[in-house]
Amino acid sequence: MKYDFFEIEKKWQKIWEETKPYATREDPAKEKFFALIEFPYPSGVGLHVGHARPYTAMDVVARKKRMMGYNVLFPMGYDAFGLPTENYAIKNHIHPKIVTANNVNTFRKQLKELGYSFDWDREINTTDPAYFKWTQWIFLQLYKNGLAYKAKMPVNWCTSCKCVLANEEVVDGVCERCGSPVIRKEKSQWMLRITKYADRLIDDLDGLDFIDRVKTQQINWIGRSHGAEVNFRTTLDDTITVYTTRPDTLFGATYMVLSPEHALVEKWMDRLENADEVKAYQAQAAAKSDMERTELNKDKTGVELKGVRGINPVNGKDIPIFISDYVLATYGTGAIMAVPAHDTRDWEFAKKFDLPIIEVISGGNVEEAAFTDVETGILCNSGFLNGLSVAEAKEKIIAWLSENKLGEAKVNFKLRDWVFSRQRYWGEPIPIVHCPKCGTVPLDESQLPLLLPDVESYEPTDDGESPLAPITDWVNTTCPCCGSDAKRETDTMPQWAGSSWYYLRYMDPHNDNALASKEALAYWSPVDWYNGGMEHTTLHLLYSRFWHKFLYDIGVVPTKEPYKKRTSHGMILGEGGIKMSKSRGNVINPSDVIREFGADTMRTYIMFIGDFEKPAAWSTNAVKGCKRFLDRVWNLQEMCSDSMEYSAKNETLMHKTIRKVTQDIDELKMNTAISAMMTLVNEMYVNGCTKGELKTLLLLLSPFAPHLVEQMWENLGFALETGKMASLNEWPTWIEEKTVDASVEMAVQILGKLRGTVKVPVDSEQDAVMAAINADEKLVKYIEGKQIFKVILVRNKLINLIVK
RNA sequence: GCGGGAGUGCUGGAAUAGGCAGACAGGCAGGCUUGAGGUGCCUGUGUCCAACCAUAGACGUGUGGGUUCAAGUCCCAUCUCCCGCACCA
């Protein structure tokens with residue numbers, strides 16, 4: 001009987017389609033397990049092997065948990081709003097709704113071909129009005145709670161997408177999606193107050209089982225720092241408030257720097273002796289792109305404001321004030337006190353402009369370089385702070401500043417509020433009306449969902465207006481508040497809106513009265529294990545944690561955090577380790593692999609390919625190795641004996657393999673789990689195998705190669721015997737004592753060098769091992785006539801004889 | 001620049017509370033099977049030296065030191081690569 005993967009896979013996929021063995025319901029009697037993978041953006045090119053890696057891994061985890069008796073929720077859906085679909089629709093004159101439907105069908109078909117154990121009854125789609133009704137509903141709650149607001153401010157504008165971007169979407173000065181340059185544009189935008197949650201988004205990471213690089217990346221992005229705000233008077237009788245993390249160095253502040261955009265510069269302009277020079281510098285700074293402003297090792301530039309001086313509050317000295325673009329308008333107060341002796345950037349600036357450098361922390365040589373060590377330095381030249389450590393001085397100076405009303409302790413963040421509007425068609429309409437009398441008015445919840453107008457043309461505009469703006473039928477409406485003529489908000493939500501809460505919808509996907517029922521939320525929350533890409537760490541993952549915390553605050557969800565555990569997979573590269581891309585023509589389509597080798601081989605290979613967290617290169621040759629393995633498993637059904645026991649020869653290895661596979665799956669070490677099963681199969685070819693052994697092997701293999709296993713399960717009569725598919729049976733267990741062999745091979749070292757091995761009963765003591773060595777001619781040669789003066793015995797592993 | 005991770009055969013990768021390096025695959029070579037083969041099975045495969053056979057021996061986890069009976073694993077130094085942050089005061 002040949003392993004006909006094509007027929008077998010077709011047969012079982014049909015059975016799963018019809019009998020829905022993986023559909024889930026709340027069951028308080030069983031412990032739940034919610035396994036989540038990032039739902040795909042259904043692009044036109046179809047599923048990529050890159051999807052198959054995390055999806056298969058979590059399918060293996062979900063299947064194993066199910067067999068261990070958990071009530072497993074493992075759902076799938078589509079994150080279908082977004083630019084590529086819209087662009088494709090514009091280019092080909094097809095409505096994005098139709099493009100989306102077609103793409104979703106392709107994705108669904110491909111996902112089914114891979115045999116994933118999703119609960120298909122819970123499939124969701126962010127573009128479905130029944131879904132985005134609740135996305136809009138959440139927006140209204142944010143608005144009502146003061147967390148959504150409209151503000152005019154300079155924003156990131158992608159020149160190619162013709163759309164604003166959130167800070168998180170700008171990578172190295174270019175659009176993270178299309179790579180086009182991003183410019184600054186003054187626009188009125190909807191913003192979400194994520195900064196209000198900055199502290200909690202950092203602090204609550206503590207209790208979570210997230211891989212470290214995710215935690216540190218989020219912490220870096222939020223960028224919390226502790227310091228103080230200090231007020232400096234000026235000779236023109238204004239106050240400049242600066243933010244500093246080093247208030248202890250206040251005595252060393254020898255000049256000040258404002259960002260070129262700082263409001264006081266305009267105020268003083270008329271009274272400055274060098275106003276022309278200052279204006280020129282401002283113009284120059286404004287013309288620079290983000291790229292240029294953050295360029296590496298850039299020379300410090302700046303202009304002194306002549307005619308005004310700052311006054312150091314701690315010693316009354318007057319010091320010069322500069323403007324320079326190394327001070328950012330958007331961080332802190334947009335102004336700094338410069339302490340060249342103890343800050344690298346200030347030091348460079350001071351050297352260039354020949355400004356005094358006053359040492360206030362001893363321990364370095366401030367003529368050579370800024371001394372920034374906060375651990376060992378001791379305060380000097382600092383009046384009442386002299387002799388203190390940096391930490392002590394910070395505390396004392398902040399107390400002094402507060403007492404004298406000159407400043408206070410302050411925490412600052414790099415995180416900015418989330419720019420939430422997009423000037424594109426294919427997104428959720430923002431459910432807001434602008435009324436000339438009442439101002440900004442939210443739609444009533446009963447009016448949701450607010451649908452997109454069905455229109456012919458929705459191309460983005462160059463002037464930065466939404467394509468919805470000219471659609472007067474849709475835009476013109478009445479005010480929900482006073483009934484007078486009003487206009488709808490025409491911007492749409494960013495792609496990240498729908499994905500910020502989708503995991504909640506899976507818990508109760510067809511609910512018309514709430515985003516999910518209280519009961520479903522109580523039973524399934526939180527997500528137990530969420531795997532996804534590192535590229536989403538400071539986007540989707542951060543956004544959804546923010547939304548979840550907000551929903552928690554208003555009593556909608558029962559947990560503070562959405563995800564208990566977060567892991568991340570490495571990228572799949574093309575043959576030879578080069579990135580897969582259409583232009584290189586090295587893209588692997590999973591459907592092609594399935595046609596040639598079968599879904600089970602595809603699944604097994606993508607798990608065997610290497611360390612899950614690291615990038616891995618595709619190799620068609622190596623795929624064949626996994627096909628061979630499955631062929632060999634298939635052929636065991638004709639070789640096995642009828643016994644349902646483990647044979648003496650295989651028993652220990654059986655128990656070891658169960659233990660290894662069980663433990664490795666939980667740690668995502670799928671490659672070694674598979675290699676353990678390969679080793680077992682190799683041994684079965686040497687020792688023969690029993691039907692009982694094969695039954696266990698099939699259960700262990702079923703998360704990886706479900707189709708093949710179900711067919712063999714049926715062929716061998718286990719389906720009849722248990723009345724259940726293999727994947728619904730219990731996960732095998734091992735007995736720890738039986739994982740130990742009766743006898744072990746121990747390494748024999750003489751003077752630390754391996755000279756041979758001896759076979760001894762397990763747990764042999766020194767005498768027994770020495771007896772075995774003395775019985776071995778070859779080993780005896782090394783010790784005869786010599787004196788053994790030290791013996792190191794590592795039980796069951798090794799013996800080292802120190803001889804002379 | 002700062003922070004984190006990683007360097008192991010021809011290739012992907014195993015093995016770290018210090019204890020037989022190279023599991024498991026791929027590739028290659030040889031043999032058997034087959035009408036045929038991206039078939040199946042067997043054997044070999046880190047380097048050097050020696051060799052008719054049989055058998056030894058030395059070296060070996062980026063590089064250089066160190067600790068230890070024993071180091072891929074620990075310590076110090078150094079090189080390379082990858083990732084994150086990057087004028088955030």
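Numbers restart at 1 for each chain; the letters A, B, ... are given by sequence-line order, proteins then strands.
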Compare all side-chain heavy atoms of [X] with those of [Y] and state whether any distance is below 4.5 angstrom.
X	Y	value
Val230(A)	Val314(A)	no
Asp346(A)	Ile336(A)	yes
Ile788(A)	Met770(A)	yes
Asn365(A)	Phe371(A)	no
Ile665(A)	Met670(A)	yes
Leu541(A)	Gln218(A)	yes

Quick one, which residues of residues 628-637 of chain A touch RNA chain B with a heavy atom under 4.0 Å?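 When residues 628-637 of chain A is checked for heavy atoms under 4.0 Å from RNA chain B, the hits, listed by number, are Arg628(A), Arg632(A).
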
Measure the distance from [atom1] on [X] to [atom2] on [N] and round it to the nearest whole Å.
X	N	atom1	atom2	value
Met571(A)	C82(B)	CE	P	13 Å
Asn220(A)	C83(B)	CG	C1'	12 Å
Glu168(A)	C85(B)	CD	P	11 Å
Glu575(A)	G26(B)	CD	P	15 Å
Leu573(A)	C82(B)	CG	C1'	12 Å
Met639(A)	G40(B)	CE	C1'	12 Å
Met678(A)	G26(B)	CE	P	7 Å
Leu680(A)	A23(B)	CG	P	18 Å

How far, in whole Å, is [M] from [N] if one measures between their [atom1] atoms?
N	M	atom1	value
G9(B)	A25(B)	C1'	14 Å
C41(B)	A56(B)	P	32 Å
U47(B)	U61(B)	C1'	13 Å
A58(B)	G7(B)	C1'	26 Å
U68(B)	A29(B)	P	49 Å
C75(B)	G19(B)	P	14 Å
U8(B)	A14(B)	C1'	10 Å

Using Watson-Crick or G-U wobble geometry with both distances below 3.5 Å, tell me the partner of [N], or none.
N	result
A54(B)	none
C69(B)	G19(B)
C59(B)	G46(B)

Step-by-step side chain to side chain contact (heavy atoms under 4.5 Å, CB included) determination, Phe612(A) to Arg53(A): CA-CA 8 Å; Phe612(A) 185 70; Arg53(A) 193 182 204 187; 3.9 Å; yes

Between Ala676(A) and Val686(A), name the one whose nearest nucleotide on RNA chain B is closer to the 5' end.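 Here Ala676(A) is the residue nearer the 5' end.
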
Determine the contact category for [X]: base if any of its heavy atoms lies under 4.0 Å from a base atom, sugar-phosphate if only primed atoms, P, OP1 or OP2 are that close, otherwise nothing.
X	value
Arg416(A)	nothing
Glu229(A)	nothing
Ser619(A)	nothing
Tyr605(A)	nothing
Ser225(A)	sugar-phosphate

Would you confirm whether Arg603(A), through its side chain, and Phe704(A), through its main-chain N or O, come within 3.5 Å as a donor-acceptor pair?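 Yes, Arg603(A) side chain to Phe704(A) backbone: donor-acceptor pair under 3.5 Å.
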
Close N or O pairs between protein and nucleotides 17-20 of chain B (under 3.5 Å):
unit_1	atom_1	unit_2	atom_2	d
C20(B)	N4	Glu745(A)	O	3.0

Residues [X] and [Y]: side-chain donor-acceptor under 3.5 angstrom:
X	Y	value
Trp221(A)	Glu168(A)	yes
Tyr3(A)	Thr601(A)	no
Asn156(A)	Asn167(A)	yes

Are [X] and [N] close enough that a side-chain N or O sits under 4.0 Å from OP1 or OP2?
X	N	value
Arg213(A)	G3(B)	no
Asn682(A)	A25(B)	yes
Tyr326(A)	A89(B)	no
Asn621(A)	G27(B)	yes
Lys753(A)	C59(B)	yes

So which protein N/O to nucleotides 6-16 of chain B N/O distances come out below 3.5 Å?
unit_1	atom_1	unit_2	atom_2	d
G12(B)	O2'	Ile609(A)	O	3.1
A14(B)	OP1	Asn671(A)	ND2	3.3

What distance separates Lys215(A) NZ from Leu208(A) CG, expressed to the nearest 0.5 Å?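 Here the rounded value is 6.0 Å.
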
Taking N and O atoms by type only, does the side chain of Gln217(A) place a donor or acceptor under 3.5 Å from a partner on the base of G3(B)?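 Under the 3.5 Å cut-off, the side chain and the base do not form any donor-acceptor pair.
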
Are Lys2(A) and Asp4(A) close enough, and set up right, to give a salt bridge (Lys or Arg N to Asp or Glu O under 4.0 Å), and what steps lead you there? CA-CA 6 Å; Lys2(A) 205 174 164 287; Asp4(A) 183 351; over 6 Å; no

Do Phe349(A) and Phe322(A) have ring centroids that are under 6.0 Å from one another?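 Here the rings of Phe349(A) and Phe322(A) have centres that are less than 6.0 Å from each other.
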
Kindly label the base of G35(B) as syn or anti, based on whether its glycosidic torsion lies within 90° of 0.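 Anti conformation here, the glycosidic angle of G35(B) being more than 90° from 0.
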
